[in-house]
Amino acid sequence: MAYERTDRKFNEYRNLKMTTGFISSADGSVLIEMGRTRVICNATLLPKVPDWLAGKGTGWITAEYSLLPQSTGKRVERERKGASGRTQEIQRLVGRSLRGAADLAALGENAIVVDCDVIEADGGTRTASIIGGFVALAIALKKIKERLGITQQILKHGITAISVGVVSGKPLCDLCYVEDSAADVDMNVVMQDAKNFIEVQGTGEHASFDRNMLNTLLDLGENACKDIYKKQMELIGGELP
């Protein structure tokens, strides 16, 4: 029997809310809420680029990700001895995605870190981190450009993302935790300007999927990204810094 949602249609994402200026000490800060998933995204200028980039005349954008202890039903241990494999994979995804927005040479020898701290996890934390992280980055760059006297445009693209999947044979957009934990197929879609794909992570967790289902999932992801992209651009004033 096919899975049926009770809170929204199969092709709808959860209620999305983004609150800017959430942390006053960050150059750019956003609290993103997608349903019960909530992530604080802070973008901050670092004092220097990584050593391997020093003297090369280009900048860097990176990301860090963490789950706060009470972000899930069972307390999450703090990663005091270093990031776990899952954490490293997620923060690399977020960093890669955000670098896909930028002209790093225009940034000069400056680096920005986007910290994504999950305060409540109900599925889709990595895609929420990308959505909110991009907005935080754009807000930060407006301040950073003025502070450093940079006149070139740094962000060339908007970056958005969404999770999609298959539960009991039903393709779904933006899976919550209950859906994600039961998914036969799980996929994350990251897009540039809601037109081109930066990354597609798709796994048959408990079942394989054919080309038709792949196309359906990509269509679900693309349509959601187009709508979310409009909301992101509205928040940053319609122009990329």
Side-chain angles (χ1 to χ4, degrees), residues 16-34 39-66 90-118 126-162 190-199 225-241:
L16 171 61
K17 179 182 178 182
M18 287 181 278
T19 304
T20 60
F22 191 73
I23 300 294
S24 60
S25 57
D27 292 309
S29 180
V30 174
L31 168 66
I32 178 169
E33 301 171 79
M34 293 193 75
V39 186
I40 301 171
C41 302
N42 294 318
T44 308
L45 181 68
L46 297 176
K48 64 176 184 176
V49 295
D51 290 342
W52 55 271
L53 271 180
K56 295 184 178 179
T58 189
W60 188 245
I61 297 170
T62 189
E64 294 193 8
Y65 169 97
S66 68
I90 292 175
Q91 56 194 28
R92 285 170 181 162
L93 169 65
V94 178
R96 282 196 306 271
S97 300
L98 297 180
R99 286 193 294 275
D103 178 353
L104 295 177
L107 182 58
E109 289 203 15
N110 298 291
I112 299 171
V113 60
V114 179
D115 291 294
C116 303
D117 293 296
V118 180
R126 70 189 70 195
T127 51
S129 295
I130 293 169
I131 296 167
F134 170 75
V135 176
L137 175 63
I139 292 171
L141 277 171
K142 290 183 179 182
K143 299 177 183 178
I144 291 168
K145 283 181 63 177
E146 183 176 356
R147 190 188 312 162
L148 299 179
I150 299 173
T151 57
Q152 291 176 270
Q153 182 180 352
I154 296 172
L155 289 188
K156 299 295 187 180
H157 304 282
I159 304 297
T160 192
I162 198 72
V190 185
M191 297 196 73
Q192 188 183 70
D193 301 324
K195 296 177 182 178
N196 299 317
F197 295 99
I198 287 183
E199 189 147 352
C225 284
K226 286 179 179 178
D227 195 58
I228 294 170
Y229 174 71
K230 293 176 184 177
K231 296 179 180 181
Q232 290 173 296
M233 292 302 292
E234 287 173 4
L235 270 181
I236 64 175
E239 293 184 359
L240 297 172

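Position 1 is the first residue of the sequence, and the numbers go up from there.
- Rounding to the nearest 0.5 Å gives a distance of 11.5 Å between CG of Leu107 and CH2 of Trp60.
- Shown here is Glu146, whose CD atom has no more than 12 heavy atoms of other residues, nucleotides or ligands within 6.0 Å.
- Residues Leu104 and Arg99 meet the side-chain proximity criterion, which asks for heavy atoms closer than 4.5 Å.
- For the pair Val94 and Glu64, the minimum side-chain heavy-atom distance is 4.5 Å or more.
- Here the CG atom belonging to Leu148 is positioned 12.5 Å from the CD atom belonging to Glu109, to the nearest 0.5 angstrom.
- Counting heavy atoms from C-beta on, the side chains of Met34 and Ile131 come closer than 4.5 Å.
- Each of Arg92, Arg96, Arg126 was compared with Glu199 under the salt bridge (charged side-chain N to carboxylate O under 4.0 Å, His left out) criterion, and only Arg96 meets it.
- Asp27 and Thr44 are not linked by any side-chain donor-acceptor pair at a separation below 3.5 angstrom, with hydrogens and angles left out of the test.
- A distance of 8.0 Å separates OG in Ser29 from CD1 in Ile139, rounded to the nearest 0.5 Å.
- Val135 is not listed as a side-chain neighbour of Ile32, based on a closest heavy-atom distance of 4.5 Å or more.
- Met191 CE to Ile159 CD1: the interatomic distance, rounded to the nearest 0.5 Å, is 10.0 Å.
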Apply the test side-chain contact (heavy atoms from CB on, under 4.5 Å) to residues Val49 and Thr58: give CA-CA distance (whole Å), side-chain angles for both, the deciding distance (0.1 Å), then the verdict.
CA-CA 8 Å; Val49 295; Thr58 189; over 6 Å; no
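- Lys145 places a side-chain N or O within donor-acceptor distance of the main-chain N or O of Gln152, the cut-off being under 3.5 Å.
- Within a 6.0 Å radius of NZ in Lys195, other residues, nucleotides and ligands contribute 12 heavy atoms or fewer.
- Expressed to the nearest 0.5 Å, how far CG of Asp117 lies from CD1 of Ile23 amounts to 9.0 Å.
- Closest approach of Gln153 and Pro241 over heavy atoms only: CG-O, 3.7 Å.
- No option in Val30, Thr160, Ile236, Leu235 other than Ile236 meets the side chain to side chain contact (heavy atoms under 4.5 Å, CB included) test with Phe134.
- Heavy-atom minimum distance, Gly100 versus Ile198: CA-CD1, 4.2 Å.
- In terms of heavy-atom proximity, Ala106 sits nearest to Ile150 at O-CG2, 3.6 Å.
- In this structure, the side chains of Ile112 and Leu98 stay at 4.5 Å or more apart for every pair of heavy atoms.
- Annotation for Gly158 and Tyr229: closest pair CA-CE1, 3.7 Å, computed over non-hydrogen atoms.
- In this structure, Leu93 and Val190 have side chains that are in contact, with non-hydrogen atoms separated by less than 4.5 Å.
- Separating the CG atom in Leu137 from the CG atom in Leu155 is a distance of 5.0 Å, to the nearest 0.5 Å.
- In terms of heavy atoms, Cys41 sits closest to Gly133 at SG-N, 3.6 Å.
- Environment of NZ in Lys156: crowded, with over 12 heavy atoms of neighbouring residues, nucleotides or ligands closer than 6.0 Å.
- In this structure the side chain of Leu45 reaches within 4.5 angstrom of the side chain of Arg147, judged on heavy atoms.
- Closest non-hydrogen pair, Gly59 versus Leu53, comes out as O-CD1, 3.7 Å.
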Take Asp227 and Leu16 through the test side-chain contact (heavy atoms from CB on, under 4.5 Å) and record every step on the way to the result.
CA-CA 11 Å; Asp227 195 58; Leu16 171 61; over 6 Å; no
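- At a threshold of 4.5 Å between non-hydrogen side-chain atoms, the residues Ile144 and Asn110 do not count as touching.
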